[in-house]
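Here's the structure, in structure tokens; my notes come after.
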Amino acid sequence: NAIGVLQTSKYSQATTVIFAILFLGLGVAGFYISIAKNNPKLALLVAFGPWVLAMIVLFITMVTSDYQ
């Protein structure tokens, strides 16, 4: 959706780009912390934290939504 190939997202192109940059940036930051700072626990928290939060929000949205 961010580059105009897939047009099935309900979110705007700008929102998709912002989240792609945010998640990719945090993944790179986690990798940097793991390699340069030698702190694997913090690296995992930085890299996977947003994904876990997104899955929790998605699950809550799916459970509480009205599908009729």
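Owing to the predicted nature of the structure, the values given are computational and were not obtained by experimental measurement. Atom set for the values below is all heavy atoms of this structure, side chains included, hydrogens, waters and symmetry mates excluded.
- Connection of Y32 to I21 is not established within any shared hydrophobic cluster, with ILVMFWY side chains joined at heavy-atom distances below 4.5 Å, either directly or through further cluster members.
- Between G30 and V46, the shortest heavy-atom distance links the atoms N-CG1, 3.9 Å.
- Scanning for ring pair (Phe, Tyr, Trp, His ring centres under 6.0 Å) contacts around F23 gives W51, with sequence neighbours left out.
- Put simply, OG1 on T64 and CZ on F59 are 10.0 Å apart, with the number rounded to the nearest 0.5 Å.
- With hydrogens and angles disregarded, a donor-acceptor distance shorter than 3.5 Å links the side chain of T61 to the backbone of V57.
- V52 and I60 fall within the same hydrophobic cluster, where Ile, Leu, Val, Met, Phe, Trp and Tyr residues are linked whenever their side-chain heavy atoms come under 4.5 Å apart, directly or through other members.
- Under the 4.5 Å side-chain heavy-atom criterion for ILVMFWY residues, no single connected hydrophobic cluster contains both L26 and L44.
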